[in-house]
Amino acid sequence: MDMAELQGKTRQKLVVVGNGMAGIRTVEELLGLAPEMYDITVFGAEPHPNYNRILLSPVLAGEQDFKDIILNSVEWYAEHGITLHMGKNVATIDRVRRKVIAEDGTEAAYDRLLLATGSTPFILPVPGKALDGVISYRDIRDTELMMDAAKTKRQAVVIGGGLLGLEAANGLKLRGMEVTVVHLGDWLLDRQLDDVAGDLLRRALEERGIGFLLGKQTAAILDDGQGGVAGVRFSDGEVLDAQLVVMAVGIRPNTALAESCGLYCERGIVVSDALQTYDPRVYAVGECVSHRGVAYGLVAPLFEQAKVCANHLAQLGIGRYQGSVLSTKLKVTGIDLFSAGDFMGGEGMEDIVLSDPAGGVYKKLVLKDDKLAGVCLYGDTADGAWYFKLLREGRSVAELRDTLMFGESTIGDAGVQGQSKAASMKDSDEVCGCNGVCKGSIVKTIKDKGLFTLDEVKKHTKAASSCGSCSGLVEQILMSVVGTDFQETPKTKAVCGCTERSHGEVRKAIREQHLLTHAEVFHFLEWRTPNGCATCRPAINYYLLSSWPHEAVDDPQSRFVNERVHANIQKDGTFSVIPQMKGGVTTASELRRIADVADKYQVPMVKVTGGQRIDLLGVKKEDLVNVWQDLGMQSGHAYGKSIRTVKTCVGSEFCRFGTQNSTQMGIDLETMLANMWSPHKVKLAVSGCPRNCAEAGIKDVGVIAVDSGWELYVGGNGGIKTEVAQFLCKVKTAEEVKEYSGAFLQLYREEAYYLDRSVHYIARVGLEYIKAKVVADAATRQALYQRLLFSLQGLPDPWAARIAGSQKNEFIPIKLQA
Amino acid sequence: MTDSQHWVHICALTDIPPQGSRVVERASGNVAVFRTHDDQVFALLDRCPHKGGPLSQGIVHGHGVTCPLHSWQIDLASGEARAPDQGCARHFPVKLEQGMVLLAL
Ligand SMILES: Cc1cc2nc3c(=O)[nH]c(=O)nc-3n(C[C@H](O)[C@H](O)[C@H](O)COP(=O)(O)OP(=O)(O)OC[C@H]3O[C@@H](n4cnc5c(N)ncnc54)[C@H](O)[C@@H]3O)c2cc1C
Ligand code: HEM
Ligand code: SF4
Ligand code: FES
């Protein structure tokens, strides 16, 4: 007997009923959290391992095979020690003896039970509903039946013009059948689209040869005399010939089993925010549950449920499921539609509509209290993900309102080569410029690996995992493959896999509990890993240092190598050295020393940077300390999440247009901010007049001199997504420039999440909020400014500290005695 | 491994920062020697299986290190990249004796 078996004796037993998407997702999450906790047994009525139900439509349309859509192979269950009963329908749950019994008599005892029985298609109670050739659209079997029917039969009627019905109709049409969709409502997808978009969709599908009968009620399905289908009769007497009838009129949570054992059900199995039923040993997830009165029918919310449920099964007990906002996309190749939220509008709401029926484009945005409440897009869904994000975050769109309709690209976002529409990209087009990932390989990975979230796609393809500017594109691609968008909102998103806590929660705990070390944070917030990972450790280090200046001690081992060695690592493992050159001003003696260093250490390249200073590239790690010593200059912090440079123009000293001494202003600011750590890099610029030679419009803080004083701009960014800085205020004196920009930067340091640039922070809280704190309220501004000065007081220059001998081992390689 | 293995004395444990590393220079490729939070030592060829990044410069967490170039996570004991990445950095036997780090090459 080996160790695993011995431990098995003490393990608890978990039985899962329903081998579908929500149940197995919960098991996967659970294995990630507590792989050793349970002996797991899974019952599934279907004779298949867990597969991706969403992709039945591409299979029906002939775009994919069954074998492509398996999510967990039979081997996967075996590898994880899961007992799998395929093709066994659980008939009874004995809650007193705590066991389940399948129709064939198979029994399994449980300590905890997870119900994930999904839903059952609703069958209209009309005569003829049980005839041969009447099918629903739910599983592999239904799909096979349809594919077979298409080979021998000519005419099909699809009852129901919802997502499922239309995807079925499209597939059958592609397989050569004559298809008519019958729909009770006045337009298609009446739960996802408004009337205008619904009509556009109908016309597009009609062009593909699908027929429609709207406002029709099915009265009976006609018998061909041999137990098969001959046609459909409607309440108005009209008859339509058909040999295949697909019922896609809706789904019902499958609660039969739960009800039979006395669990409380309403529309679905009623669960708490912990996904627990009225019996504390029994949990339920997926389409079969009713949470706060809502039963969901898309995978995104089910996966959120799975995550929380796994957390409770693992007895961590900190997650809560609070319901989801949904978005929908029809997976019919070539037709683009997207809707989310309350897109019908109504009292107290405003619509913004762009309608170009001839061009096949329709967009409707519904606003409530300056926030986006609903979206309905047809024809051009490129910005669906972006709108959905605005909607979920509930952030004010007042400032975006004028351009909102034209999408994210108008506010300065685009992928490489200005691409902003995933749909129009070819498979060979590059999506992620940083890691060289093209569209085709992303689509393939999503399908092959069964991915559902942006984070998963990032991990598996590396797309969007470096600079992140292509996240929007990747999200669009993900949506077009899985038909829905699954991403947690940043508010609740965990810092990393080591914890459930969000950035906001971590910082709050550090502040309120006066936590001073990583160990205290890990302990207090119950980190899952002994000492974090490369994602959370640097974030916590920043939160500690910024919350408790002069108290918390910097942990070099929690810094990315660049910040640990105070130089930028290059791709060959050498480093670049950029000394500080305040305001871009240098002297002959500094230049001489730089030249000498370049000679002495054989620096391969000396380059003037975009930040008005000089870069020595290709320095070996063991030479770093000597190079710094010989330079006799301060660190330029060109490597850190910290102040970088203050770029300046010539200004009034020499320039004939200059109104103020911009160079001196820049030097003063750079002096004030020396050694400042921040959530992400911080760049400033000062121009001496509105000609703005220092390009202050794309800096985190931009200062532009005018005749009567200085204008301050914030939140600019010249990186991959160019963001123009927004006007903050105008001030009179140089001292005020320091106070206002210092206060803004301190607010950013205190409130932005680690790795948020100032533009992202402002987008989250709104410029009005910043103005209220920094401009309108003098007391708050001064307090912020004082806190900044206090934090920065007496911070050592890191190069000087290293020259003095701190952490010197870091730089000395060990040589082997030959 | 056999007893004929050649153990080389590298440095004292305290010469390596906790959750840090030191580089041992070697003609056929540098070796990174790591010290984890629980004072265990591990040694890997200082070349990430992805694109050759210097693993010694990564952040050490648990018994793993994250490569500084593209954030692959490498298991210190086996040298294997953690899923979903695939690859393996060569690992070397290393042991502690009376506070001294010994490496077998
Ligand atoms: C054709 C089609 C297209 C879809 N497209 C999309 C889309 O684009 N986007 C989207 O988000 N969602 C889509 N969905 C919906 C999505 O597939 C479901 O929301 C999701 O699969 C529900 O997961 P679940 O685990 O709750 O149920 P299921 O995946 O249905 O799993 C339940 C399983 O439990 C089994 N079971 C039930 N009772 C028992 C019992 N007593 N004993 C043993 N086993 C039992 C069932 O046989 C089934 O296998 C689509 C669904 C279909 C059918
Ligand atoms: C008994 C089994 C093994 C033997 C005898 C062996 C031997 C060697 C030798 C002699 C080298 C060249 C060393 C050098 O350049 O200094 C080497 C390199 C390497 N080994 Fe192994 N090895 C074995 C197992 C493994 C395993 C299990 C892995 C992965 C987990 C591995 C990964 C590597 C890699 C990646 C290199 C290349 C290093 C480079 O880039 O230079 N080896 N191996
Ligand atoms: S911004 Fe104005 S003051 Fe500065 S260099 Fe240009 S023209 Fe001269
Ligand atoms: S070289 Fe290590 S992750 Fe790319």
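In what follows, every chain begins at residue 1, and chains take the letters A, B, ... in the order their sequences are listed.
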Within 6.0 angstrom of A:Glu526 CD, more than 12 heavy atoms from elsewhere: no

Which atom of A:Ile814 lies closest to which atom of B:Cys11, heavy atoms considered: CD1-SG, 3.9 Å

Greater than 12 external heavy atoms within 6.0 Å of A:His80's NE2: yes

Over all atoms of both residues, closest heavy-atom pair of A:Pro530 and B:Gly62: CG-CA, 4.2 Å

Any donor-acceptor pair under 3.5 Å from A:Arg564 side chain to B:Gln57 backbone: yes

B:Glu25 CD: over 12 foreign heavy atoms closer than 6.0 Å: yes

A:Cys533 side chain reached by B:Ile59 side chain, heavy atoms, under 4.5 Å: no

Contact origin within B:Asp85 toward chain A - heavy atom pairs under 4.5 Å: side chain

Residues, nucleotides or ligands: over 12 heavy atoms within 6.0 Å of A:Lys444 NZ: no

Region of B:Val60 that comes under 4.5 Å of a non-hydrogen atom in chain A: backbone

Which portion of B:Leu103 sits near chain A, non-hydrogen atoms under 4.5 angstrom: neither

Value rounded to 0.5 Å, distance of OG in A:Ser558 from CD in B:Gln19: 6.5 Å

Any donor-acceptor N/O pair, B:Arg26 side chain to A:Lys815 backbone, under 3.5 Å: no

Between CD on residue A:Gln557 and CZ on residue B:Arg35, distance to nearest 0.5 Å: 10.0 Å

Top contributor to chain B interface from A:Thr535, A:Asn531, A:Thr529 [non-hydrogen pairs under 4.5 Å]: A:Asn531

